Amino acid sequence: MSLPDLTNYLIFARVVAAGSISAGARELGMPKSTLSRRLTELEEEQGIRLVHRTSKGLKLTDVGQAFLIHCEALVNAAEAAQQVTQLLRETPRGTVHVSAPYALSQSLLTELLPAFMRDYSEVNVELMVTNRPVSLIDEGIDVALRVRANIEDSSLVARPLADSQHTLYGAPSLVAARGEPKHPLDLIDFPHLSLHYTSGRYGYQLTADDGEQLSISMQPKLITDDMIVLREAAIQGQGLVSLPSYLCMDAIRAGLLQEVLPNWRLPVHIMHLVYPHRRGLLPAVRVFIDYMVEHIPAVAQRSLLIADA
């Protein structure tokens with residue numbers, strides 16, 4: 001059995017309510033000829049006359065009167081369904097699935113997520129904290145935070161949020177014991193800690209204030225994907241480490257870490273918010289994206305200002 005064209009049912013109910021084909025055409029914004037044709041198609045589908053067309057308008061047959069009751073129910077159901085989606089647009093609700101690396105989760109998101117959930121009380125957040133690459137579509141992730149020089153996956157929308165400046169840090173006790181480095185070549189006298197790199201090549205790409213560039217190779221004493229572990233090991237004097245400035249602000253302010261080679265810069269990475277679709281986002285996902293785009297840059301910048309103070 002083929003499915004009926006429900007549009008004709010809805011048009012029938014609206015035209016009868018308007019009182020005439022002309023009035024129905026004005027209400028629906030459709031040509032009179034189209035409405036007349038649609039009503040004829042409906043009667044042919046049903047195999048019976050539903051209305052009599054008179055000079056004074058439309059007059060329902062007995063069958064048409066009974067048929068109208070069910071068509072009006074369809075109209076009411078359609079309007080109720082539309083109100084549901086309208087309400088969702090007005091009041092975001094549901095669950096947003098988010099992915100973030102450990103460093104961002106344990107620094108920026110500790111402030112932002114509770115604030116977001118307070119502002120949008122009907123939105124739930126399911127946060128996956130991992131440093132491994134996540135396939136958003138395959139793993140059902142709505143939004144991910146990533147720190148990269150660039151996002152190469154063209155299927156993702158990537159919103160740059162803030163620069164993530166990596167800086168070389170060390171414990172004051174370690175720097176005092178080994179002698180403060182004046183030049184990158186002095187780094188060979190220090191132990192080092194590092195994030196894991198699949199290439200297996202470890203070192204620093206450094207650029208001086210005058211533009212000179214230098215690459216230094218080293219063999220890390222500790223390799224891990226967990227930036228928090230690297231920071232704590234650096235605080236304990238186990239080696240020098242390259243970390244985002246926002247992650248070390250408290251340790252710098254407390255005198256537990258200090259910047260090494262302040263006249264040389266490491267490459268700048270960019271914090272991105274990525275998601276798989278440009279259109280059709282659920283309202284809860286859209287407000288989460290908008291909230292993070294609005295607030296992350298300010299929180300990241302505030303961290304840098306505190307660290308530099």
Side-chain angles (χ1 to χ4, degrees), residues 1-98 116-126 136-143 155-157 275-294:
M1 178 179 177
S2 60
L3 293 175
D5 185 349
L6 296 183
T7 303
N8 287 343
Y9 290 57
L10 300 178
I11 287 175
F12 173 73
R14 290 292 180 83
V15 169
V16 171
S20 68
I21 291 178
S22 297
R26 288 192 298 270
E27 180 181 324
L28 295 173
M30 299 174 65
K32 290 189 295 182
S33 59
T34 299
L35 292 188
S36 180
R37 176 174 54 80
R38 286 279 196 167
L39 291 178
T40 299
E41 288 176 356
L42 181 62
E43 289 180 322
E44 290 176 350
E45 289 172 1
Q46 302 304 314
I48 197 168
R49 182 170 292 281
L50 300 173
V51 294
H52 294 295
R53 296 167 174 80
T54 70
S55 58
K56 295 181 179 181
L58 301 175
K59 183 178 180 180
L60 289 169
T61 64
D62 291 342
V63 173
Q65 186 67 54
F67 189 77
L68 175 64
I69 295 173
H70 299 288
C71 290
E72 288 175 335
L74 283 176
V75 171
N76 293 334
E79 290 176 346
Q82 190 173 32
Q83 288 173 1
V84 169
T85 57
Q86 182 64 33
L87 182 61
L88 280 175
R89 287 199 296 269
E90 295 173 353
T91 306
R93 55 171 57 89
T95 300
V96 181
H97 300 270
V98 183
F116 169 80
M117 295 170 70
R118 184 171 57 249
D119 290 350
Y120 295 94
S121 59
E122 296 190 52
V123 177
N124 302 321
V125 177
E126 186 172 315
L136 273 65
I137 295 176
D138 292 343
E139 300 186 49
I141 301 298
D142 298 308
V143 185
S155 67
L156 298 177
V157 180
Y275 47 98
H277 305 293
R278 291 185 182 275
R279 295 181 179 178
L281 293 173
L282 293 174
V285 177
R286 170 55 62 190
V287 296
F288 181 87
I289 291 171
D290 292 343
Y291 189 92
M292 293 299 156
V293 168
E294 178 182 357

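Please read all numbers here as calculations on a predicted model, not as lab measurements.
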Shortest non-hydrogen contact from [X] toward [Y]:
{"X": "Ala25", "Y": "Pro31", "value": "CB-C, 4.3 Å"}
{"X": "Ala18", "Y": "Ala23", "value": "O-CB, 3.6 Å"}
{"X": "Leu39", "Y": "Val15", "value": "CD1-CG1, 4.2 Å"}

Side-chain touch [X]/[Y], heavy atoms, less than 4.5 angstrom:
{"X": "Glu43", "Y": "Ile48", "answer": "no"}
{"X": "Thr7", "Y": "Arg38", "answer": "yes"}
{"X": "Asn8", "Y": "Glu45", "answer": "yes"}
{"X": "Val123", "Y": "Phe288", "answer": "no"}

Give a yes or no on whether the backbone of Leu50 and the side-chain of Thr61 come within a donor-acceptor separation of less than 3.5 Å. yes
Are any side-chain N or O atoms of Asp142 and backbone N or O atoms of His97, one a donor and one an acceptor, separated by less than 3.5 Å? yes
Atom pairs and distances, donor-acceptor, side-chain atoms in residues 62-76, under 3.5 Å, two or more places apart:
unit_1 : atom_1 : unit_2 : atom_2 : d
Asn76  : ND2    : Glu72  : O      : 3.3

Rounded to the nearest 0.5 Å, what's the gap from [atom1] on [X] to [atom2] on [Y]? Could you check?
{"X": "Thr95", "Y": "Glu122", "atom1": "OG1", "atom2": "CD", "value": "12.0 Å"}
{"X": "Ile289", "Y": "Tyr275", "atom1": "CD1", "atom2": "OH", "value": "4.5 Å"}
{"X": "Ser20", "Y": "Lys32", "atom1": "OG", "atom2": "NZ", "value": "8.5 Å"}
{"X": "Ser36", "Y": "Arg53", "atom1": "OG", "atom2": "CZ", "value": "4.5 Å"}
{"X": "Glu44", "Y": "Arg37", "atom1": "CD", "atom2": "CZ", "value": "11.0 Å"}

Suppose we screen for ring-ring contact (aromatic ring centres under 6.0 Å, His included). Which residues come up paired with Tyr120, at least two apart in sequence or across chains? Phe116
Using side-chain contact (heavy atoms from CB on, under 4.5 Å) as the criterion, list what pairs up with Met30, not counting sequence neighbours. Ile11, Leu28, Thr34, Leu35
Partners passing side-chain contact (heavy atoms from CB on, under 4.5 Å) against Glu294 (at least two apart in sequence or in another chain): none
Go through Val98 and Ile141 one step at a time and tell me if the side-chain contact (heavy atoms from CB on, under 4.5 Å) criterion holds. CA-CA 6 Å; Val98 183; Ile141 301 298; 5.8 Å; no
Could you walk me through whether Tyr291 and Val287 pass the side-chain contact (heavy atoms from CB on, under 4.5 Å) check? CA-CA 6 Å; Tyr291 189 92; Val287 296; 6.0 Å; no
Apply salt bridge (Lys or Arg N to Asp or Glu O under 4.0 Å) to Arg49 and list each qualifying residue two or more places apart in sequence or on a separate chain. none
Working note: Val143 + Val285, criterion side-chain contact (heavy atoms from CB on, under 4.5 Å); need CA distance, chi angles, decisive distance, verdict. CA-CA 8 Å; Val143 185; Val285 177; 3.9 Å; yes
Ring pair (Phe, Tyr, Trp, His ring centres under 6.0 Å) pairs, two or more places apart, involving residues 14-66: none
